[in-house]
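Throughout, residue positions are numbered sequentially from 1 according to the sequence presented.
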Amino acid sequence: MRDELYEHELNRNAARMTRILDGFHGRREGFSETDLLAIQRALQILVESVIGMSRYVAEVALGIRVAKSRESLDELCSAGVLDRGTHANLMKIVGFRNVLVHDYLNVDDAVVEAIVRNREYGFLLDVLSGLTGHLERRCGSDGYSVASDAKCE
């Protein structure tokens with residue numbers, strides 16, 4: 001069953017992280033250590049939002065429970081919810097998120113800076129919007145499938 005409050009909060013938080021990252025995007029001067037830590041955290045939360053929504057859509061709209069974040073992306077791509085290009089970009093940024101979380105001693109500040117300067121995170125809000133749109137088309141706002149009378153899980 002859809003949890004529209006969860007969806008709203010997840011999208012709101014992702015928009016907030018994007019605004020924070022965009023504030024660093026336009027800077028001309030270099031980033032301080034504190035800036036880089038804030039950027040890393042905002043990137044982590046933004047990517048986690050997409051991971052959370054991906055797992056949620058796989059379960060609610062497709063009835064598929066996954067144990068790992070990459071599995072949800074694979075399932076959504078197989079089901080045609082994500083195109084292959086978006087899937088590939090997501091796999092890269094999820095891999096980077098894994099470095100931020102699990103291999104934090106080896107985070108390359110130049111890579112972090114490049115991600116922000118090139119706004120490589122910019123597509124993530126579009127992904128979230130697309131996933132939310134898929135839920136609307138598939139499940140409607142009442143929790144029932146638009147295509148049939150089947151209950152969305």
Going by atom type alone, with no hydrogens or angles, which donor-acceptor pairs under 3.5 Å involve a side-chain atom of residues 119-129 and a protein atom two or more places apart or on another chain?
unit_1: R119; atom_1: NE; unit_2: D22; atom_2: OD1; d: 2.8
unit_1: R119; atom_1: NH2; unit_2: D22; atom_2: OD1; d: 3.3
unit_1: R119; atom_1: NH2; unit_2: D22; atom_2: OD2; d: 3.1
unit_1: E120; atom_1: OE2; unit_2: N118; atom_2: ND2; d: 3.4
unit_1: Y121; atom_1: OH; unit_2: L21; atom_2: O; d: 3.4
unit_1: Y121; atom_1: OH; unit_2: D22; atom_2: N; d: 3.3
unit_1: Y121; atom_1: OH; unit_2: D22; atom_2: OD1; d: 2.5

How close do [X] and [Y] get, counting heavy atoms only, and between which atoms?
| X | Y | result |
| --- | --- | --- |
| C139 | A61 | SG-CA, 4.0 Å |
| S54 | L73 | OG-CD2, 3.3 Å |
| G130 | R137 | O-NH2, 4.2 Å |

(message) If the condition is side-chain contact (heavy atoms from CB on, under 4.5 Å), which residues does L105 pass it with, not counting sequence neighbours?
(response)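 Partners of L105 by the side-chain contact (heavy atoms from CB on, under 4.5 Å) criterion come out as none, since no residue qualifies.
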(request) For S32, enumerate each residue passing the side-chain contact (heavy atoms from CB on, under 4.5 Å) test, keeping only those at least two apart in sequence or located in another chain. (result)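 S32 satisfies side-chain contact (heavy atoms from CB on, under 4.5 Å) with T34, D35 once adjacent residues are dropped.
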(message) I'd like to know whether L131 forms a side chain to side chain contact (heavy atoms under 4.5 Å, CB included) with Y56, so could you lay out the CA-CA distance, the side-chain angles of the two residues, the decisive distance to 0.1 Å, and finally the verdict.
(response) CA-CA 9 Å; L131 292 173; Y56 173 76; over 6 Å; no
(request) Can you tell me which residue pairs pass the salt bridge (charged side-chain N to carboxylate O under 4.0 Å, His left out) test with a partner in residues 96-107, sequence neighbours excluded? (result)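 For residues 96-107: E48-R97.
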(request) Give every residue pair that meets the salt bridge (charged side-chain N to carboxylate O under 4.0 Å, His left out) criterion with at least one member in residues 61-71, sequence neighbours excluded. (result)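 Residue pairs passing salt bridge (charged side-chain N to carboxylate O under 4.0 Å, His left out), neighbours aside: E59-R65.
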Atom pair [atom1] ([X]) and [atom2] ([Y]), whose distance is rounded to the nearest 0.5 Å:
| X | Y | atom1 | atom2 | value |
| --- | --- | --- | --- | --- |
| F24 | F31 | CZ | CZ | 7.0 Å |
| E4 | T132 | CD | OG1 | 10.0 Å |
| L10 | S49 | CG | OG | 4.5 Å |
| R55 | M53 | CZ | CE | 14.0 Å |

(request) Report yes or no: do V101 and I93 belong to one cluster of Ile/Leu/Val/Met/Phe/Trp/Tyr joined by side chain heavy-atom distances under 4.5 Å? (result)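 Result: no, two separate clusters.
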For [X], salt bridge (Lys or Arg N to Asp or Glu O under 4.0 Å) partners two or more places apart:
| X | value |
| --- | --- |
| R12 | E9 |
| E75 | none |
| E29 | R27 |
| D74 | none |

(request) Scan for side-chain hydrogen bond (donor to acceptor under 3.5 Å, both in side chains) pairs involving residues 77-86, sequence neighbours excluded, and state none if there are none. (result)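 Residue pairs with at least one partner in residues 77-86: D83-T86.
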Would you be so kind as to tabulate the donor-acceptor pairs closer than 3.5 Å made by side chains of residues 107-116, with sequence neighbours excluded?
unit_1: D108; atom_1: OD1; unit_2: A110; atom_2: N; d: 2.9
unit_1: E113; atom_1: OE2; unit_2: R117; atom_2: NE; d: 3.2
unit_1: E113; atom_1: OE2; unit_2: R117; atom_2: NH2; d: 3.3

(request) State which residue, out of L82, V60, V57, fulfils the side-chain contact (heavy atoms from CB on, under 4.5 Å) condition with H134. (result)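 Output: one option passes, namely V57.
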(message) When you compare the side chain of N106 with that of V99, does any pair of heavy atoms fall below 4.5 Å?
(response)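 Heavy-atom side-chain distance check fails, nothing below 4.5 Å.
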Atom pairs and distances, donor-acceptor, side-chain atoms in residues 37-46, under 3.5 Å, two or more places apart:
unit_1: R41; atom_1: NH1; unit_2: Q44; atom_2: OE1; d: 3.4

(request) Evaluate the side chain to side chain contact (heavy atoms under 4.5 Å, CB included) criterion for residues L76 and L62: first the C-alpha distance (whole Å), next the side-chain angles of each, then the deciding distance (0.1 Å), finally the verdict. (result) CA-CA 9 Å; L76 293 174; L62 304 178; 3.7 Å; yes
